Amino acid sequence: QVQLVESGGGSVQAGESLRLSCAVSGGTFSTYTMAWFRQAPGKEREFVGRISRAPELTSYADSVKGRFTISRDNGQNTVFLQMNNLNVEDTAVYYCAVVSSFWGPRNSNEVNFWGQGTQVVVSS
């Protein structure tokens, strides 16, 4: 059984940064494509970005490109989401996930396992 535990959420001011972590247990982490999604109040869950296994390709939603960076540490079985220059529209619950493929559609249908989520609140 694969388990994912996110951490690092919190409340920040617009323009500030946060770094989310997602610790993964079970299976072989280094072979997983990992993704981040988020869900704002009253909205559907949306794709944020993903990172493949080696060579660790990344792709991002247009709304976060240039501000967010996904990385991974296979020795720690952890994936990170560095979020810079946050704005109020980034307020959401952030979820990490194991997805089927780096090349598949950017939606929840590709998710094999979910974390429980971590709240991020950005105030102006």
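Nothing here was measured: the structure is a model prediction, and the numbers come from that model.
Taking the ring centre of Trp103 as origin, the terminal cationic atom of Arg50 falls outside the region bounded by 6.0 Å and 45° from the ring axis. Within the cation-pi definition used here (under 6.0 Å to the ring centroid, within 45° of the axis), Arg38 does not qualify as a partner of Tyr95.
Expressed to the nearest 0.5 Å, how far CD of Gln82 lies from OG of Ser71 amounts to 8.0 Å. To the nearest 0.5 Å, atoms OH (Tyr94) and CD (Gln39) are separated by 12.0 Å. Of the inter-residue distances, the one linking Leu57 atom CG with Ile70 atom CD1 reads 12.0 Å to the nearest 0.5 angstrom. The line from CZ of Arg72 to CG of Leu81 is 14.0 Å long, rounded to the nearest 0.5 Å. Rounding to the nearest 0.5 Å places CZ of Phe80 at 8.5 Å from OG of Ser7.
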#### Entry: Test log, rule side chain to side chain contact (heavy atoms under 4.5 Å, CB included), inputs Val93 and Gln116
CA-CA 9 Å; Val93 178; Gln116 85 288 351; over 6 Å; no

### Task
Could you please spell out the steps behind the side chain to side chain contact (heavy atoms under 4.5 Å, CB included) verdict for Ser59 and Arg106?
CA-CA 10 Å; Ser59 68; Arg106 296 177 168 188; 3.4 Å; yes

### Task
Determine, stepwise, if the pair Ser108 / Trp114 fulfils side chain to side chain contact (heavy atoms under 4.5 Å, CB included).
CA-CA 10 Å; Ser108 299; Trp114 289 104; 3.7 Å; yes

### Message
side chain to side chain contact (heavy atoms under 4.5 Å, CB included), that's the test. Do Leu4 and Val98 meet it? Break it down for me.
### Response
CA-CA 9 Å; Leu4 299 82; Val98 177; 4.0 Å; yes

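Thr58 is linked by a side-chain contact (heavy atoms from CB on, under 4.5 Å) to Ile51, Tyr60, counting only residues two or more places apart in sequence or in another chain. Partners of Phe47 by ring-ring contact (aromatic ring centres under 6.0 Å, His included), not counting sequence neighbours, listed by chain and number: Phe37.
For the residue pair Ser25/Asn77, the side-chain donor-acceptor check at 3.5 Å is not satisfied.
Note on residues 38-88: no pairs pass disulfide bond (SG atoms under 2.5 Å apart), not counting sequence neighbours. Counting only residues at least two apart or on different chains, no disulfide bond (SG atoms under 2.5 Å apart) pair has a member in residues 29-91.
Note: the hydrophobic cluster containing Val111 does not contain Phe102 (ILVMFWY, side chain heavy atoms under 4.5 Å, direct or indirect links). The cluster map of Ile, Leu, Val, Met, Phe, Trp and Tyr, joined by side-chain heavy atoms under 4.5 Å apart, puts Phe68 and Val99 in different clusters.
Closest heavy-atom contact between Lys65 and Asp62: NZ-OD1, 3.2 Å. For the pair Ala92 and Ala40, the tightest heavy-atom approach, listed with the atom from each and the gap, is CB-N, 3.8 Å. Closest approach of Asn85 and Arg67 over heavy atoms only: O-NH1, 3.0 Å.
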Identify every side-chain donor-acceptor pair in residues 8-24 under 3.5 Å, counting partners at least two apart or on other chains, and give the distances.
from	atom 1	to	atom 2	distance (Å)
Gln13	NE2	Ser123	OG	3.3
Glu16	OE1	Gln13	N	3.0
Ser17	OG	Asn84	OD1	3.0

Only distances under 3.5 Å count here; give the side-chain donor-acceptor pairs of residues 28-35 to other protein atoms, sequence neighbours excluded, each with its distance to 0.1 Å.
from	atom 1	to	atom 2	distance (Å)
Thr31	OG1	Thr28	O	2.7
Tyr32	OH	Gly26	O	3.2
Tyr32	OH	Thr28	N	3.4

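Side-chain contact between Glu6 and Trp36 is present, with at least one heavy-atom pair separated by less than 4.5 Å.
Sparse packing is recorded around CZ of Arg53, with 12 or fewer heavy atoms of other residues, nucleotides or ligands lying under 6.0 Å away.
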